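Just so we're clear, the structure is a prediction, and the values are computed from it rather than from any experiment. Throughout, numbering of the chain's residues begins at 1 and tracks the sequence.
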Amino acid sequence: MAALSCYFQFTINRSSQKVKSKPFIYCSTQPVQSNIKVVVNGAAKEIGRAAVIAVSKARGMEVAGAVDTHFVGEDIGKLCDMEEPLEIPIINDLTMVLGSISQSKETGVVIDFTDPSTVYDNVKQATAFGMKSIVYVPRIKLDTIAALSALCDKASMGCLVAPTLSIGSILLQQAAISASFHYNNVEIVESRAQAADLPSADAFQIAKNLSNLGQIYNREDSSTDVLARGQVLGEDGVRVHSLVLPGLPSSTTVYFSGPGEVYSIKHDITDVQCLMPGLILAIRKVIRLKNLVYGLEKFL
């Protein structure tokens, strides 16, 4: 789409004794950048509703579809307790939403908050309609990521798989990597209000990062086979202890120790809203990708 811009200018003729001005009109066409059309798959979930509100408020993007198997037919704006309805009903057919957006030839992004078992098919559908994908689904298997990478490479279509959308969590991971070069002892303690997916994706990612640095931790730990000592993730001796109690905030603390000192890094999540700045950043970045990228930290 292009906009017609016109400018009135005057030329001054000084060839004679009298100064004469002659107006003329200059017109040009300039492209108008339309909003990014965002489809939220898993819109009825808590994080999906937060995403709808965040996208609605963000500059340069708009909610174009809401997909879920719950609350089908309800206006997503009303479900999110927004002041005015968005006039976008929740439907359970992703293909129908993608088809309507592709016909308008607008830039589209699908945010996937669904389930590991459906991620590949969802991204495949989005790719077929020429749309980029952001995947925030815990516990995606490595073979699924590999299959998604091959799919995106073949189609030259961008996809961002984000183990976390929390910028604070990413900063914690980066700080832990920096600290690991100075300490030989490390353990991770996390707390959660519910017992789903433990160790959490954050703790698992931190342990994975530390395990890829070629260092063996906790060499003097003599309680390797004691279950109360927590689960060892990876082959480098990184232990994770998970506390589960109703009312506890989602918290992750990484403890390092050396002779005469203890260094700890902590990150608390008190509300799903903390994920929204990372999500908006992901939407702005994924539209420029032509392959799969794993991890939002590459754009910080």
Side-chain angles (χ1 to χ4, degrees), residues 115-117 119 135-149 161-270 274-275 278 292-298 300:
D115 184 84
S117 63
V119 164
V135 177
Y136 179 65
V137 178
R139 302 301 184 185
I140 298 180
K141 296 181 179 179
L142 293 178
D143 56 351
T144 301
I145 296 175
L148 288 175
S149 181
V161 178
T164 181
L165 289 171
S166 166
I167 293 177
S169 178
I170 294 172
L171 295 176
L172 174 68
Q173 294 176 24
Q174 294 174 345
I177 291 174
S178 297
S180 67
F181 294 104
H182 304 281
Y183 298 96
N184 295 322
N185 301 294
V186 58
E187 301 211 4
I188 301 171
V189 178
E190 64 174 353
S191 65
R192 297 292 184 269
Q194 298 177 352
D197 295 328
L198 293 175
S200 68
D202 286 348
F204 187 85
Q205 187 64 38
I206 293 171
K208 178 182 176 182
N209 292 342
L210 297 180
S211 296
N212 289 334
L213 301 178
Q215 184 172 198
I216 302 299
Y217 303 96
N218 308 320
R219 292 178 181 271
E220 299 178 359
D221 184 2
S222 60
S223 55
T224 303
D225 298 327
V226 179
L227 295 180
R229 287 287 295 115
Q231 180 179 350
V232 177
L233 297 182
E235 300 178 355
D236 300 331
V238 180
R239 291 185 179 275
V240 178
H241 308 261
S242 299
L243 307 177
V244 181
L245 288 172
L248 283 179
S250 294
S251 177
T252 304
T253 305
V254 186
Y255 290 93
F256 294 92
S257 72
E261 68 174 337
V262 175
Y263 175 64
S264 61
I265 318 166
K266 185 178 182 181
H267 177 242
D268 294 338
I269 293 178
T270 58
C274 74
L275 306 179
L292 183 140
V293 171
Y294 185 85
L296 183 62
E297 61 271 16
K298 295 177 175 59
L300 294 182

| message | Please enumerate all residues that pass salt bridge (Lys or Arg N to Asp or Glu O under 4.0 Å) together with Glu297, with sequence neighbours excluded. | response | none
| task | Return the minimal non-hydrogen interatomic distance between Asp268 and Ser251, and the atom names on each side. | result | OD1-OG, 2.5 Å
| note | Residue set satisfying ring-ring contact (aromatic ring centres under 6.0 Å, His included) with Phe256, at least two apart, ordered chain then number -> Tyr183
| request: Provide the closest heavy-atom pair for Ser211 versus Val238 in the form atom of the first, atom of the second, distance. | output: OG-CG2, 4.1 Å
Only pairs under 3.5 Å count here: list side-chain donor-acceptor contacts from residues 169-178, not counting sequence neighbours, and write none if there are none.
{"from": "Ser169", "atom 1": "OG", "to": "Asp202", "atom 2": "OD1", "distance (Å)": "3.4"}
{"from": "Gln173", "atom 1": "OE1", "to": "Asn209", "atom 2": "ND2", "distance (Å)": "3.4"}
{"from": "Ser178", "atom 1": "OG", "to": "Gln174", "atom 2": "O", "distance (Å)": "3.2"}

| Qualifying residue for side-chain contact (heavy atoms from CB on, under 4.5 Å) with Val189, from Arg239, His241, Lys266 | His241
| request: For the residue pair Ser242 and Glu190, confirm or rule out a side-chain donor-acceptor distance under 3.5 Å. | output: yes
| note | Residue set satisfying side chain to side chain contact (heavy atoms under 4.5 Å, CB included) with Leu248, at least two apart, ordered chain then number -> Ser191, Leu243, Leu245
| request: First locate atom OG1 of Thr164, then atom CZ of Phe204, and finally report the distance between them rounded to the nearest 0.5 Å. | output: 14.5 Å
| message | Going by the rule side chain to side chain contact (heavy atoms under 4.5 Å, CB included), which residues pair with Ser264 if we only count those two or more places apart in sequence or in a different chain? | response | Thr253, Tyr255
| task | Please name the pair of heavy atoms, one in Cys274 and one in Ile269, separated by the smallest distance, quoted to 0.1 Å. | result | SG-CG2, 3.5 Å
| said: If you compare all heavy atoms of Pro138 against all heavy atoms of Pro116, which two are closest, and at what distance to 0.1 Å? | reply: O-CG, 3.4 Å
| task | Only counting residues at least two apart or in another chain, list the ones meeting side chain to side chain donor-acceptor pair (under 3.5 Å) with His267. | result | none
| said: Just verifying a value: how many Å separate Ser180 OG and Asn185 CG, rounded to the nearest 0.5 Å? | reply: 12.5 Å
| message | Any side-chain to backbone donor/acceptor pair from Asn218 onto Val186? Under 3.5 Å, distance only. | response | yes
| said: Could you tell me if the side chain of Tyr294 sits less than 4.5 Å from the side chain of Pro163, heavy atoms only? | reply: yes
| Which atom pair, heavy atoms only, marks the closest approach of Gly247 to Ala193? | N-CB, 4.1 Å
| task | Would you check if Arg192 and Leu198 make a side-chain contact, meaning some heavy-atom pair closer than 4.5 Å? | result | yes
| message | Let me confirm one number: the CD1-CG distance from Ile206 to Leu233, rounded to the nearest 0.5 Å. | response | 10.5 Å
